[in-house]
Structure formats: structure tokens, C-alpha cells
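Read the structure below first, then the notes.
Predicted model, so just to flag it, every value in this text is computed and none were measured. To find a chain, count down the sequence lines: A is the first, B the second, and so on, and within it residues start at 1.
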Amino acid sequence: MASEAECHPLGMFACELCALTAPYSYVGQKPPNTQSVVLLEESYVMKDPFTSDKDRFLILGSRCSICSRLVCMGPECSLFYSKRFCLPCVQKNISAFPQEIQQDVEKRKVPSKKPSSQLGSRT
Amino acid sequence: MPPPRTREGRDHRDYRRAPTGEEAWEKWDWNCPETRRLLEDSFFRDEDYIRQGSEDCQKFWAFFERLQRFQSAKTSRKEEKDAGCPKHGTSALADLPHTYDPRYRINLSIIGPDARGSRGPGRRLPPERVSEFRQALLHYLDFGQKQAFGRLAKLQRERAALPIAQYGNRILQTLKEHQVVVVAGDTGCGKSTQVPQYLLAAGFSHVACTQPRRIACISLAKRVGFESLSQYGSQVGYQIRFESTRSAATKIVFLTVGLLLRQIQREPSLPQYQVLIVDEVHERHLHNDFLLGILRRLLPRRPDLKVILMSATINISLFSSYFGSAPVVQVPGRLFPITVVYQPQEAEPTTSKSEKLDPRPFLRVLESIDAKYPPEERGDLLVFLSGMAEISAVLEAAQTYASHTQRWVVLPLHSALSVADQDKVFDVAPPGVRKCILSTNIAETSVTIDGIRFVVDSGKVKEMSYDPQAKLQRLQEFWISQASAEQRKGRAGRTGPGVCFRLYAESDYDAFAPYPVPEIRRVALDALVLQMKSMSVGDPRTFPFIEPPPPASLETAILYLRDQGALDSSEALTPIGSLLAQLPVDVVIGKMLILGSMFRLAEPVLTIAAALSVQSPFTRSAQSSPDCATARRPLESDQGDPFTLFNVFNAWVQVKSERSRDSRKWCRRRGIEEHRLYEMANLRRQFKELLEDHGLLAEARAAGPGDSHSRLQQRRERRALYQLKRQHEQGGGRGRKVLRLREEQDGCSSDEDRAGALRAGDSVDIQDVKFKLRHNLEQLQAAASAAQDLSREQMALLKLVLGRGLYPQLAIPDAFNSGRKDSDQIFHTRAKQGAVLHPTCVFAGSPEVLHAREQEVEGCDGNRGDKDRMSSRHQLLAFVSLLETNKPYLVNCVRVPALQAQRPEEEEDEEAAPVSPREVAALSRELLQLMASKVPYSLRRLTGLEAQNLYVGPQTVTAAPSLPGLFGSATLTPHPTKGGYAVTDFLTYNCLTSDADLYSDCLRTFWTCPRCGLHAPLTPVERISHENTCAPDPQDAPPGAEEATPEPLQKASALQRPYHCEACQKDFLFTPTEVLRHRKLHV
Ligand SMILES: [Zn+2]
Ligand SMILES: [Zn+2]
């Protein structure tokens, strides 16, 4: 299968702050199979696993522009404000960010909801 | 793309013109289709991320409208405020934008039309608007990324939270050190979905995971594919009887146990797998037990093969010790505390002695829940009942109660329900209302419903049990085992603390068997033995089963297979036997298929065999609906149920080919579960391929349309169908719905409403699409219309094939049936007396077609009923199965002429060698002559006492027949049990104890000689000797049969037989009475 080869995983992306891991198939700013979208940071990208459309991609994460830790896109781990910042670095330098970001970071400290139970299923 | 929805009252003239220049600046309207089209033309081209007309495109506009509303609300409140950020030392922070704008938070950008040059259609649009559009698009893409990432993260959180997550490494480590590992954990610990993924992550790439049920293969492959993020790659696949998603890239395949066994049959060392996961071993299915035996023998020869047995925490030591004390990794379940309440049923004095279940104890539980728990506290009720009759009894009462209180939605759940109805148990009840699910033990292990807080356990289960002596399956009610009781209880504690009401005493529980009886001890083993023989695993009697089957069951199965010609006298597989072993069906159905293809009746027999191998397509609810019954009537055949099914399938195929979208409705009108018809079509195709593979059927030439235009047309249609299928798959499954408070249960009408509601906005019938992709509808239609043109001869031959295939599953109508009510008709089979017709049987409503109608035989005494009636049209019932519930029922019956059904004419077929067409034609002709022959005979069941005294037995040496030429060249061997001489397997000469009483009652009837007019009560023998003297034309002596038509018909000699007296050392020619009289002389 052609698409199989194209999205063959290059390696495992692992967030340095949370447990998230996922196979990535591209690192860079121009995801494969699409000409119209460019990324504003060097990102770890996989094919979007939730659709059969093969040119759909999913950005997993990138490096913090201060400490260069590899962090995921999750709101508990990092934010993007013209660059990628891991949340610990944001907190350390919170005053450097505009008020909107400060308020947003404040909100994120509230513990995230527990995973909701799934639909019933046949096993 | 459909035009965007417009608000009412808009001036429609606006749409006509594209806004241009200044004018557009003032009267800008995002909803104008022309505007949207221009934007789409520039941004949503074929090479872009979003394509014009796609679902994504529609989603974007919906998002766009929301965003517009949101932004206009915000700008009205917002005051311009430049919060100047202090300069910072870190370089990364130094050049942060000073003025906040949400667009700085988006990490991607789109290359728009202006960046690609200003020649695009977009140049007609004002740049401000284009930029506004671009911002919205960016937000949309960002939103999509966040959403997908959120799903990914949630998935991983949920996986990590599963109880088994802590044990992944330990399982892998143990597997490294041992060949077999037992993973024990209760439902909900995640073993079925996670263990395959741990193997995948650890780098294993040839993993098979067996499941007892097909549906589990599909749902697990989907789930694991989804979780392992290769949902649309092909690392995870499934393989079931008719479907496979397996490809070269597949690393894990979920497959049924039966399919794995077939793979072993082809390649006994299973070289294609590295790791084998056998799931649900505790369920002790027949095939699973057999597979374990195979594996135990295989493992020493495949030291590199790893096996993981997965089980609920039931009897784990049994599996561990069977594989040389294999290590066990036990995973605790995730259960909340459950309170057990014992509510033994006291004797209800007012209950009548009827067999109907008393619903009151169940209602009391509903009442007590209503009394004790406020409706705001959610939590549904799951009731375990033994069977469908019990479910309907409680359903009726509970619904009456529910309509009073408005606090319950009552839903049945059992395997005979349609898939759509089964799925309703996953829907949610409206606020303040609880679901009450009345289920068989299907909800014990195979269906998991979340949100259950209360469980009612009746303590009963209906299970098949098998009586090898009578070769009879019985559906009987039993107490459940302790293990089952614990499973049922556990269903209450999956989402929170729960309560389990046991409608029996604690002392009852203590008396329960610890584990359920494994299937191998409960069912007929014919198919298993056949499979064992074809896999050359040696003598089934010495096979190392984890728990051996009852020896009597094995012996019965072996004997049966020998009777059927599948095994020879040394119990080796015959050619026909190995063919039967290839067919995944009952031996009788397999025989039917083979015979059918030999007699050029493959097409109709394929349909009938497939129809008899799936569950009945007739829905239960339709039985009570007169509309359904009326609509179904034209399809009913008075020849028998197989022909009714044959008509149903053919008519359905016609509907499909004429107006396929209506087929669902067509089925609903007639109370037919369409899903079963799809199954029949699939099975039919599989049978056809098997017969072709074995050279029994010439492969159909690809009769494609001749000209290139129609070929192109056909290709285009197929492509469109594939497109539909893909779209459906992307759309995902059916979402959860909110149940209506009062669900109508009855019949066709509500089905229709529901199906309408179910697929509102989705007019694609995905089953229909799949059907068309899988089958050549033209071929099916040709077969269906050919079925209408079957000649009388072909029809007769077809019945013969069915009858012969089903032989010896025959039942004889009771002699006094014609005087009985329709519902009281009884029948006798070889092993079971007093069987009745299953209520679904076509003859149940019209038994008169079974009575010997023909009374034209002269001299017949009209007052005697069918008993001893002379007729050439006696009929027997050939049946597919005998099922005992409260009564023994004959299931799937076809009426066959009694005499001809007893004639195993096709001796030469047994070799399954290719027969020349001429021979077949000749044979068919002969058979038809036989069918047409009108030999008057009487039909009578032998009573037990008669049967005991029927044969002389092997002790008595009887005279060998001295009638040269009567039996042709057949060699005569003494019969081992009956005595006398076996001529063929249906004719034993001189074996009957010629007791005078027996004959006078059995065979002496008034008879008028057609030639001389003699009218006298004569036995057949006496009659024949009279006929011989009266008209010397001995050419067609009536052919004989087994017990039903007693054998003396063949005996040309008198009742006397040679007798040697030991006392006086003389030889006499005595009748049995004379023998006794003579013996008295010596006393
Ligand atoms: Zn993270
Ligand atoms: Zn950092």
C-alpha cells in the first residue's frame, strides 16, 4: 500500500512532561501530502489516526523555545504564543506574557476532569 | 454542496449577483452562495486541506457562523487596551508580540490565493474579507488539531487507567520466560483490548487472537485499531467466516476459533503465527476446548510459538495445570462494592399451575427500587432470566407497571432479537427514568452495558443438553453455577456501588455447582468428531481433552457418522466424509449439498441448505401480528419449511434486483429479519465456492456484460458503492440515543417508525451496499427466477434430495392424527415418540396435508382412519432438528413420500466420484419413476413391545434365502442384532419373529383382488401369493423398507420357517406358534 509507506512511523514521540506517547511520521514545518498548510514551528506530526483521509495530519508536539524540552500539544504541558513554551517555563516567566495568557494559565491549574466512561460495548 | 441554510425573510434578489467593488463592501453578506463559492474556489481546491463539497467544507461553514456570532458579541464588549509587556532578558521571550491577538496562539498558517499569485478567482473579493476568511480558516484548523489531539490524549488516559495497565510488563516478561501464560481477569479489566496492544508495542508482528463470537472479532479489531492509532492503517485486522480485513501489513488478527481450527487443518504447525491469544477460555466452548487440546500437542513441536490464555477468574488452575502449571498473571477487576440481597421466592398460593413464569417477584424489586432510591439518582436495572418465554412474561407485567409509574423503560435482550433492537439497550433513558433490561445470560459475559446499578438474578438458565441415546437436544432450565451467579452480580458494580437481588436463598447458592457445565458435555459431537477425523488427530476416544466428553456422546457421534457414510467400518474418513468436513454445516445439510450438485439441482439446494443453516428469519413479534401473517402467506409452501424459506429468499432477491431500497421495508412487512437473509446469501456463496473447489460444481463463467459501455457502467456503479461504504465507515457507528418513555413492543408498525427515525438523514442502507459489493445480484436473480420454473420432476427430485439428505431424521405421523385438533398432531421419530410440530412450522397450521388423503385404493375400509390405511401416498416428515423444550419439537420439516424416502437409492454416490451425465440422467429418471410408482402399502409405527419382539435376534439361526436372483448379486451376511441376513443396509431377510399376533394386527387388512374380486382380510404375504396365482406378473414386487414398512413384504415364503428340534432331532417347517406348540410336547 502506497499510503502505508508514506506514513510509516519514524519513531516514538514521547512528551517529557506527561505520559503521552505516539508514533510520529514527520518532523518539520511542511507536513506531507498537503501544499496549503505550513507550520510555524518544527513539529512532530503523525497522520491523523481518526480519519481515513490520508493527507490529514495531527501535530503531536514540539520543543519548548526556552528549555528545548520535547512537549506535547496538551494544555497541561505547553502553550503556543508565537512560539512553543512548556508550561513550567511559562510559569517561571509568567510576567513576560500578556494578561490574556496569564489568565489562561491560571485556569489550567484547575485539575482536569477524569476520563468519562465509555459507551457500552460488546466484548 | 447543498446551498447554505438561509434565514427567513431575506431578499432573494441578493443571491443573483456577485458582489463587486464598493457595492460589496457595503452590502457584504457571508451567506451569499456566490460569495461562498468564490471563497471556496480559491481556498478549497482539490489540492487544499479542505475540499469543496466535502463534509469538512460544510463543517467549516458551520464553524464559521459560530465564530462570527462569537466575535461580534466580543467586540461590542471589548475595550482597546494596550498592556505593554515589560522587556525580557530571555531571547525567546524578547520578541513576543506586545499586543495580544488570538491569532498568535495558532501554530499553523495557510498559503492563500494571494500568496499564489493574484490570478485566482479570489481577486474579485475585497482583501479585508479574504483576510477575515483566512483568520477563520486558521481558527478552524487549529480547533480541529486541538480536538483530534484531545481524543488522542483521552484515549491514552483511559488506557492507562485500566486495571490491566499495571500488568503489561509483567505479562510480557512472563511470556519471555514461558511458552504458555494464563492471564486471568474479569470483564472490564481490559485484557481483550490491551494485551494485543502490549504485544504490538513489544514488537511482535504475527499475533492471532481468537474469539468465540464473530461479532467480538469485528468490534475488538475496531477498538484495538482505534486505540493503537492504526485504525485506518492495517496493522490490526479481523477474519471471520465471510469477511476479512487482513492484509500483508496486518500484525494482529482477530479471528473466530472455528477459523483458526481450519487454518490448523491446512497447516498443522501454524507457521504463520508467533503468538496466539486464546480469549474467553473459561467459557468452555466446544471448539475452544478442542483447540486447547490441539495446542497442547502442538507446543512441543513449535517451541517458538507463544500462547496466552485469557480467562475470567473462573477455574484458573484447570487451565494452568493442563499446560504443565503455566504461570498465571491475575489482574484484579475494577469493581465497586455490591450489596447482595437474597429474596427467595416463597410458594405463591394463588398462582395457577401454569408453566408461565410468575412476574410478581420481579415487580416487587422494581417497586422497592422506586421506593428506596430517588429518581434523580441514576442507575439502571438488569434482570437475568432463563429464556425468551420468561422474558416476555416479565416484560408484559413490567410494562404495565412502567406505564403507571412513568419511571421505567423496559427492554428485552436476547439473541433472537434484531440487531437494531439489541442495540437499544445501549441507549439512554430520559432523566428520572431508569432502564430495565430483561436479558438472557447473553448479558453475563458477551454484552456489556454500562450504567447498571441493580441486578436481579433469577438463578436460572436455559441450556442445551444432549441425550446421546435419543440423539436429542434438549433446551432445559437449570440452576446456574456459582461462577455465573458471581458474573451476574458483578454487572451491578461496574460504574459505581450496586445492589444484586438474588431470587433464591443463600443455601441455594451454596448448593450450586461451582462452574457451568462445559459445552462438550452438553451437545452432539458429530461435527467435532468429523473435524477431528479430518485433522487426523487420531482416535477421538483418546484425545487429551481438558475435560473429556461423555463416552456415550462420542460413541453416538461415531456411529452416526458411520451410518451417514462419513466414516467407514474402520472409522476412517470416507471421501464423502472429508467433503462433509470441509463444509461448515450439519452433516445432513452437507449431504444435501453434495446430492444436490450431483443431481444438477445445485442452485436450489444451495439456497435451501443456506436457509437451513442460519437462524430462522421470521421474527417472533410477527407471529402475533395478523398483517405480517397475511403478507407472508403467499410465500408459504405446503411442501414444508425448507421450501417456504426457499420462496422467501427468492422473492427477496427479486425485490433486491428490482428495487433494492425497498427490501428492508419488504422484509419488515412480512416480519422477516433481513439480516438473516444477508447471512443466507453469504453462506450460499460460501457453499457454492466450496462445491466449486471440490469439482462438484462447474465454476460459473464470468458472464460479464459484453459491450465495453455496460462494462464501464458496471465499474462506475461499483466505484460508487465503494464510495458509499467508505463514507459510512467514516461516519462511524450509531450514536447513543435517548429512549422514549413508552417503547411500543408490538409488531411491524413500530419497527417501521423506528427504522425511519434511525436513519433519518442517512438514506444509505449500508447492508444493501455491502450486499451488492459482495454478490453478483444478476446471478442470484437468475437462480431465483429459475426456481420458479422448476419442473414437477425437478421439484420431486429436489424433495428426494432433501429427504435423503435428512435421512434418517424422519418422523411418521401418528395413526390417529386425522381425528385430532391441529395443535394436537403428534409424530414419532426413530428415537422419540410423541413429538409435535414446532409452532413456526408451516404444517402446524395445516396438518391435513400430511394425512394420507388418497382413498381410491379399492376395498379400503373407510372407518379405520390412517391406521393401516392402504395408500400409495403415505407421507413422512423429514426434519432438520429435534428440539426438546417443554415438548419435543420437530424443527424445519418437509413432507416426503414415505416409501421413497426410505429408499437409499444412491448407493453409488457414496464414493463421491465424478459421475457421467448420462448416468445421472438415468438415475434421475429411475428415481422419478420410483417417485411416481403407486404401490399401495400401509404405514405403521411399531410399539416398544413389538419392536422388542420384532426380530428373531442373532441367536436364532434362520434359513438363508433360497430364492436365486431375488437379491441380485448382494452377498448375505448374518445381521448382528436383528438376526437373519443383511442384504442391504435397509433390507434384512428373515429377521422378523413371525409372531401371529403381530401380523394379524399389523398387516392383515381387508383387500379386494382387482382381478378376481376376492374380498378378504389378508396379510401382504398372503395377498402377494394370491396375486401370483391370480395374475402371474411377478415383475414389480414392492420395494421394501426398514421398520416402518415391515419387511415380510419381501418374503415370498410362508410364515413357516425351518426349525430343528434338539429333543427329537428332527427338522420341521413351523410357524412360531407351531414351534411353541411343538416345544410343549417335550416338556
Ligand atoms: Zn505532555
Ligand atoms: Zn521549557
Checklist entry - Between atom CZ of A:Phe97 and atom CG of B:Leu96, what is the distance when rounded to the nearest 0.5 Å? => result 5.5 Å

Next on the checklist: Tell me whether the rings of B:Tyr49 and A:Phe57 are parallel (<30°), tilted (30 to 60°) or perpendicular (>60°).
Outcome noted: tilted

Next on the checklist: Taking side chain as everything from C-beta outward and backbone as N, CA, C, O, which of these in A:Met12 sits under 4.5 Å from a heavy atom of chain B? Side chain, backbone, both or neither.
Outcome noted: neither

Checklist outcome for this item: Distance col, row B:Lys146:NZ vs A:Ile59:CD1, nearest 0.5 angstrom, shows 9.5 Å

Item to check | Flag, side chain of A:Glu100 to backbone of B:Tyr100, donor-acceptor distance under 3.5 Å | outcome: no

Checklist entry - Is chain B contacted by the side chain of A:Ser62, its backbone, both, or neither, given a heavy-atom distance below 4.5 Å? => result neither

Item to check | Top contributor to chain A interface from B:Arg103, B:Arg51, B:Arg494 [non-hydrogen pairs under 4.5 Å] | outcome: B:Arg51

Checklist entry - Hey, what do you get for CG (B:Asp48) to OG (A:Ser36), rounding to the nearest 0.5 Å? => result 4.0 Å

Checklist outcome for this item: Residues B:Ala153 and A:Leu20: closest non-hydrogen pair is CA-CD1, 3.9 Å

Next on the checklist: Let's test your reading of the structure: which of A:Arg84, A:Lys83, A:Glu41 forms the most heavy-atom pairs below 4.5 Å with chain B?
Outcome noted: A:Lys83

Checklist outcome for this item: Cut-off 4.5 Å, heavy atoms of chain A, and the answer for B:Leu141 is side chain

Checklist outcome for this item: CZ of B:Phe226 to CZ of A:Phe50, rounded to nearest 0.5 Å, is 5.0 Å

Item to check | B:Asp56 with A:Arg56: basic N within carboxylate O range, under 4.0 Å | outcome: yes

Checklist entry - Going from OG on A:Ser43 to CG on B:Asn107, what distance comes out if it is rounded to the nearest 0.5 angstrom? => result 5.5 Å

